[in-house]
Amino acid sequence: MNKIYLTKMTLNPRSNQVRSEVGRPQELHKTISRAYPKIENPPDVPKHERKTPRNEYNILHRLDIEPRRGTAFLLVQSEHEPDWSFLDADYADEIETKEVGGNYEAIADGMRLIFRLQANPTKRIGKSDEKADARFKPSGN
């Protein structure tokens with residue numbers, strides 16, 4: 001099994017960057033990606049086939065905000081150890097990264113697990129999807 005790293009950050013609510021990224025997930029995603037080695041793609045590779053830190057290092061992240069205290073936690077899981085040294089000193093009050101692959105190896109078929117999932121459901125309509133093609137073609141009116 002590949003190594004799996006988990007980072008937990010307690011974000012500093014007084015940081016301008018944190019306040020901006022909490023409301024702009026795309027910017028948060030860019031910041032997380034900077035913690036991993038840069039990936040170069042040849043210029044002729046179509047955008048949808050490009051390698052990214054997210055798909056090369058299997059990065060997943062979740063931002064949790066505790067409503068009562070307003071504390072924000074960022075959880076980042078990946079198969080490559082992140083380097084958070086580029087972050088401004090006031091970005092996070094605490095950053096802890098540890099290797100957790102062994103915990104995943106202990107999961108067995110039939111085990112009952114409790115977890116929280118935050119997902120953004122999407123549907124990709126491919127070129128071979130004839131029904132979708134018909135929906136998006138001009139009606140000729």
Side-chain angles (χ1 to χ4, degrees), residues 1-140:
M1 174 175 227
N2 293 339
K3 288 187 176 187
I4 298 175
Y5 296 91
L6 181 64
T7 297
K8 180 180 180 182
M9 288 188 210
T10 304
L11 301 180
N12 178 359
R14 293 172 301 285
S15 163
N16 289 334
Q17 184 178 358
V18 167
R19 286 196 306 263
S20 173
E21 290 178 354
V22 165
R24 296 169 51 205
Q26 195 169 19
E27 293 303 312
L28 179 61
H29 184 269
K30 286 179 185 178
T31 296
I32 292 167
S33 294
R34 288 181 55 205
Y36 299 91
K38 187 171 175 81
I39 295 175
E40 298 293 334
N41 286 287
D44 60 333
V45 175
K47 187 173 184 175
H48 68 280
E49 292 180 10
R50 290 184 187 157
K51 293 180 180 181
T52 65
R54 187 183 117 147
N55 61 33
E56 282 298 295
Y57 307 123
N58 292 316
I59 301 170
L60 296 173
H61 74 275
R62 184 176 77 211
L63 179 65
D64 280 342
I65 300 175
E66 188 180 287
R68 281 185 253 166
R69 294 193 331 217
T71 306
F73 299 97
L74 178 62
L75 300 170
V76 182
Q77 176 186 292
S78 65
E79 290 183 354
H80 188 282
E81 188 170 10
D83 176 6
W84 302 108
S85 62
F86 70 94
L87 292 172
D88 290 340
D90 74 336
Y91 188 84
D93 295 331
E94 183 179 357
I95 300 174
E96 179 185 2
T97 299
K98 59 184 176 181
E99 200 270 308
V100 295
N103 297 14
Y104 288 92
E105 290 175 0
I107 297 173
D109 287 347
M111 286 180 73
R112 290 189 130 193
L113 304 172
I114 298 172
F115 58 93
R116 291 181 299 182
L117 172 67
Q118 181 177 358
N120 296 319
T122 60
K123 178 182 177 189
R124 178 174 181 219
I125 299 173
K127 291 181 181 178
S128 63
D129 191 339
E130 292 176 18
K131 287 181 184 177
D133 288 346
R135 286 196 312 256
F136 293 106
K137 285 184 180 172
S139 62

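Throughout, numbering of the chain's residues begins at 1 and tracks the sequence.
- Pairs engaging residues 61-77 under the salt bridge (charged side-chain N to carboxylate O under 4.0 Å, His left out) rule: R62-D64, D64-R116, E66-R69 [sequence neighbours left out].
- Every residue was checked against the side-chain hydrogen bond (donor to acceptor under 3.5 Å, both in side chains) condition with E81, not counting sequence neighbours, and none meets it.
- Nearest approach of I65 to A72, heavy atoms of both residues: CG1-CB, 4.1 Å.
- Atoms NE2 and NE2, on H61 and H29 in that order, are 6.5 Å from each other to the nearest 0.5 Å.
- E49 meets the side chain to side chain contact (heavy atoms under 4.5 Å, CB included) test with V45, P46; sequence neighbours excluded.
- The environment of CD1 in I114 is sparse: at most 12 heavy-atom neighbours from other residues, nucleotides or ligands sit within 6.0 Å.
- Judged as a ring pair (Phe, Tyr, Trp, His ring centres under 6.0 Å), and not counting sequence neighbours, the contacts of H80 are Y57.
- Distance CD/E56 to OG/S78: 13.0 Å, rounded to 0.5 Å.
- R19 contributes atom CZ, which lies 9.5 Å from atom CZ of R14 (distance to the nearest 0.5 angstrom).
- L87 is linked by a side chain to side chain contact (heavy atoms under 4.5 Å, CB included) to M9, T31, W84, Y91, I95, counting only residues two or more places apart in sequence or in another chain.
- For T71, the side-chain hydrogen bond (donor to acceptor under 3.5 Å, both in side chains) test picks out no residue, with sequence neighbours left out.
- In this view, R50 satisfies the side-chain hydrogen bond (donor to acceptor under 3.5 Å, both in side chains) rule with no residue, not counting sequence neighbours.
- Here CG of N58 is found 10.5 Å from OH of Y36. Values are rounded to the nearest 0.5 Å.
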Notebook entry, point to check: Does the pair N103 and L6 meet the rule for a side-chain contact (heavy atoms from CB on, under 4.5 Å), with working shown?
Noted result: CA-CA 11 Å; N103 297 14; L6 181 64; over 6 Å; no
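- Legend: residues meeting side-chain hydrogen bond (donor to acceptor under 3.5 Å, both in side chains) with D44, ordered by chain and number and at least two apart, are absent.
- Proximity of S33 to T52: side-chain heavy atoms (C-beta onward) are nowhere separated by under 4.5 Å.
- The salt bridge (charged side-chain N to carboxylate O under 4.0 Å, His left out) pairs that include a residue from residues 84-93 number zero, where partners must be two or more places apart or lie in different chains.
- Taking CD from E99 and CD1 from I4, the interatomic distance works out to 8.0 Å, rounded to the nearest 0.5 Å.
- Taken to the nearest 0.5 Å, the CG atom of N41 stands 11.5 Å off from the NZ atom of K47.
- Partners of R24 under the salt bridge (charged side-chain N to carboxylate O under 4.0 Å, His left out) rule, at least two apart in sequence or in another chain, are E27.
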